[in-house]
Each structure stands twice: as C-alpha cells, then as structure tokens.
Amino acid sequence: MRSDAASDRGEWTGIPLHPSRAGRSVLMQLQTDALIEARDVTRRFGSKPDLAAKLALRLGLAKPAPVVHALDRVSLKVRQGEVVGLVGESGCGKSTLGRVIAGIIPPSEGEVRWRGAPMNALPVPERKAADLAIQMIFQNPMAALNPRMTVEKIVAEAPRTHGLSKGENDAYVDRYLTMVGFDTTMKRRYPHQFSGGQRQRVNIARALAVQPRFLVCDESVAALDVSIQAQVINLFMDLREQLDLTYLFVSHDLGVVEHISDRVAIMYLGRIVEEAPVDEIFRRPNHPYTQALLSEIPRIERSKRRFKPVQGELPSPIDPPKGCHFHPRCPFAMDRCRIEVPKKIEIARGHQSACHLNDS
Ligand code: SF4
C-alpha cells in the first residue's frame, strides 16, 4: 500500500506517481552495498599561481587568490537500483558533488569508489568500463549536444568509438532513440531544430547508447516546461525499470525530488546535513535546514506550516562559517554550534542528521 505521503505526491507535483516507485524504498533499505560511493570528499576551487604570481606573492606584491570550499568531507552512498535525490540551495555544492561522483572533476581530497574499489586505483580496462558505466545528464541539452552533428551522429558517436560497426549503426541508433520516445524519422536533423524536451531526449539517448549503469542527472528537468518535465521524469522512471538503472538526481526542486527518489540527501554549503528515505524525510525532517526548506513547499497551507522558511542569504563558500555552517541562519543555534562541526548521527533506521540538537 502506498503511504499517505506517497499518495499526496501527484497532487503536489501534478505528476501521477510512477508505478515503479511504490514499495521500492523498503527494498532499498535492505541493501547495503554501494554501487558508487563518495568517501570524505573535499573539493576546493582556486587558481594555482603561475611562476610570476608566486614571485609576486613572495614579494608581498599580490594577495593569494581566494579559495572556494565547494565540498567539505562529503560522504554519500548510492546503492544498486536506487534513486538518490540530492537537494539544496543554488551554490551549496550539489552539482560539484555530482561532477566529482561522475568523474568529471577530481576530488581535492577523499575518494570515489565504484563497486567498492577506489576509482583512481582501478586498472586501465576497469577504469574505462567504469567511465562508460557512469554518465551525466546536464540541465542544458543544447550546450551538451554538438550543434554541427545530426541527432543520428550524436547518438552513434561514442558507440562507434567503442566498436559499433557501420552496418549495425542504424538499428542501434533507432533502438535508443525509440527507447526515449524520439521520432526516428527526424534523426537526420540538427539539435537546434528541436524543442528543449526533444533535445533532452536526444541527450538521454546519447548517454544510454554507451549502456551505463549509473546516471547523474544534474537539474536535468529544471529548464523544461512543467508538462514536459512530467514526461521526462516518467521517462527516467521507465528507463530505470527497463534497464535497471541507478540515479543520483541533483535538483533544487523538492517536488521533483520527492516524486522520483527512494532516498534524499540534503546539502548545505558543501556538507550533507541530513539523509533519509524519502517518506521519512518529508514526514519527519530533523535538521533545522531541512525543516526550513520543507516549509517552502506550496502544498502545505501557510497557516498549517510547522516550520519557518530559511532566512537570509547562503554564506560565501570562500569563507564558510566555523562550526555548523548553518549557524548564522539557524533559529536554534547555541554557542557550541559556532565552534564545533556537528557529526552525522543515526536518529532512526536509515535516517542521519548532523545537528547538535540531537546530542545535547
Ligand atoms: Fe542549528 Fe546548531 Fe543544529 Fe547547526 S548544529 S542546525 S546551528 S542547532
């Protein structure tokens, strides 16, 4: 039976709940092995000084370039077959975490593990296989698709590099375009001749054509109209069933994340502050930041909301606050919160939160 929280979802997002979602969260909780895992990942951005800049620094003629602390010792597991939603305000580091996990940018510290083994220690053939097995779907399909190539060539490009013969090409491309609901009679056209929704389907077909096991979807439906969003979300869910895919779904949209995810991780200024199965996090949010985010959900009448929306601006990741990063905006902040980083502790089965209120 679907839970009350689950049955509310169609009302909220306008998207009928996909049949594959019912009952899956429970199965996911029973699995422990991670397909992919970020372990204590830190990522900093800052320009490395060249020789002249180093000399200028030494002579006191220049100041060091600011360092952006995008990720701060983040750990996250995604199990086989699971959809994990990664949520947070713009600038919180969620896209950076998606890119590190997808292998697009390396971590400054920590490691990413694929099927239990550190990615950067994999022998070359295994590393190549893992790189194909992990694909990323970006928000803006136009930027991700080569405007000078036809849809057909875009989808066939990577498989041809990996051994697809000319004779197999047509049937192979048609198979993946059909899978994403794209009209194959239009495959000789260019990306600019299609709508945003169609372009995103091509983008998905291109990713699927290398037969991945794991997709990082970075705000993949954010740029689409609401009605098209619903279609593409349901496409992701169908593909998950059909191809046994696993997803990390990065989004700022709680409605979309609640609809699609088995488990949700909430990010704040480079750290994961709460993680739980989807129904648990929406019914019993523990971290004050999660509570503040949920208070902004439109389906809950303003008069009945238990929590207050988050106040103020996200602090700069160049100079994040000491202790709990959320303390300047938290209505419950204590002295301890300004000094000590809260540890993630398990407050219920599969539900972890990093807040001193849980251990004080
Ligand atoms: Fe608020 Fe302190 Fe909890 Fe941070 S640790 S969320 S500042 S109560």
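Only a predicted model underlies this, so the values are computations on that prediction, with no experimental measurement involved.
With contacts defined as side-chain heavy-atom distances shorter than 4.5 Å, the pair E275/L76 qualifies. Taking 4.5 Å as the limit, every side-chain heavy atom of E157 sits out of range of all side-chain heavy atoms of N146. Residues D319 and H69 form no side-chain contact, since every pair of their non-hydrogen atoms from C-beta on lies 4.5 Å or further apart. Y268 places none of its side-chain heavy atoms less than 4.5 Å from the side chain of P320. In this structure, the side chains of F326 and L269 stay at 4.5 Å or more apart for every pair of heavy atoms. Within the 4.5 Å cutoff, the side chain of R329 has no heavy atoms near those of the E313 side chain. Between R99 and F138 the shortest side-chain heavy-atom distance falls below 4.5 Å.
Side chains of D174 and T184: no donor on one and acceptor on the other come within 3.5 Å. Side-chain atoms of Q198 and S195 include no donor-acceptor pair closer than 3.5 Å.
Ring planes of H192 and Y190: parallel class, angle under 30° (limits at 30 and 60°). Taking the six-membered ring where the residue is Trp, F214 and W114 present tilted rings, their angle falling between 30° and 60°. Aromatic ring pairs are classed by plane angle as parallel below 30°, tilted from 30° to 60° and perpendicular above 60°; the pair F236 and F249 is perpendicular.
Across all their heavy atoms, S220 and I137 have their closest contact at OG-O, 2.9 Å. Here the closest heavy-atom approach between residue A209 and residue P159 is recorded as O-CG, 3.5 Å. Considering all non-hydrogen atoms of both residues, A130 and L122 come closest at CB-CD1, 4.1 Å. Heavy atoms only, all atoms of each residue included: K77 and R263 are closest at O-NH2, 2.5 Å. Between S353 and N286 the shortest heavy-atom distance is OG-OD1, 2.6 Å. What you find for L215 and A207 is that their closest heavy atoms are CD2-CB, 4.4 Å.
From E37, atom CD reaches atom CZ of R79 across 10.5 Å, with rounding to the nearest 0.5 Å. Rounding to the nearest 0.5 Å gives a distance of 11.0 Å between CD of E89 and CD1 of I266. Expressed to the nearest 0.5 Å, how far CG of D72 lies from OG of S108 amounts to 11.0 Å. Going from atom CD of E258 over to atom CD1 of I281 covers 10.5 Å, rounded to the nearest 0.5 Å. Note: R160 CZ to N169 CG = 5.0 Å, rounded to the nearest 0.5 Å. The CD atom of E340 sits 10.5 Å away from the SG atom of C324 when rounded to the nearest 0.5 Å.
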| request: Given side chain to side chain contact (heavy atoms under 4.5 Å, CB included), test Y247 with L245 step by step and report yes or no. | output: CA-CA 7 Å; Y247 293 106; L245 290 172; 3.7 Å; yes
| Test log, rule side chain to side chain contact (heavy atoms under 4.5 Å, CB included), inputs R115 and Q80 | CA-CA 9 Å; R115 298 188 191 277; Q80 172 72 48; 4.0 Å; yes
| D183/R189 under salt bridge (charged side-chain N to carboxylate O under 4.0 Å, His left out): CA gap, chis, key distance, verdict | CA-CA 11 Å; D183 181 352; R189 297 190 189 173; over 6 Å; no
| said: Would R271 and V341 count as a side chain to side chain contact (heavy atoms under 4.5 Å, CB included) here? Give the steps. | reply: CA-CA 10 Å; R271 293 178 184 157; V341 179; 3.6 Å; yes
| field | Worked verdict on Y172 versus V155 for side chain to side chain contact (heavy atoms under 4.5 Å, CB included) | value | CA-CA 9 Å; Y172 195 83; V155 175; 5.8 Å; no
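Remark: R43 qualifies as a cation-pi partner of F45 under the 6.0 Å distance and 45° angle criteria applied to the six-membered ring.
Linking ILVMFWY side-chain heavy atoms closer than 4.5 Å, directly or via other members, places V221 and M142 in two distinct hydrophobic clusters. Connection of M186 to M179 is established within a shared hydrophobic cluster, with ILVMFWY side chains joined at heavy-atom distances below 4.5 Å, either directly or through further cluster members.
Annotation: D335, atom CG; neighbour count of heavy atoms from other residues, nucleotides and ligands within 6.0 Å does not exceed 12. The environment of K344 atom NZ is dense: over 12 non-hydrogen atoms of other residues, nucleotides or ligands sit within 6.0 angstrom.
Screening I101, V41, I104, L71 against T96 for a side-chain contact (heavy atoms from CB on, under 4.5 Å) leaves a single residue, L71.
If you chain together ILVMFWY residues whose side-chain heavy atoms come under 4.5 Å of each other, L357 ends up grouped with F332, M334.
Annotation: salt bridge (Lys or Arg N to Asp or Glu O under 4.0 Å) contacts involving residues 190-208, sequence neighbours excluded, are absent.
Between R73 and E109, no side-chain nitrogen of the basic residue sits less than 4.0 Å from a carboxylate oxygen of the acidic one, so the salt-bridge criterion is not met.
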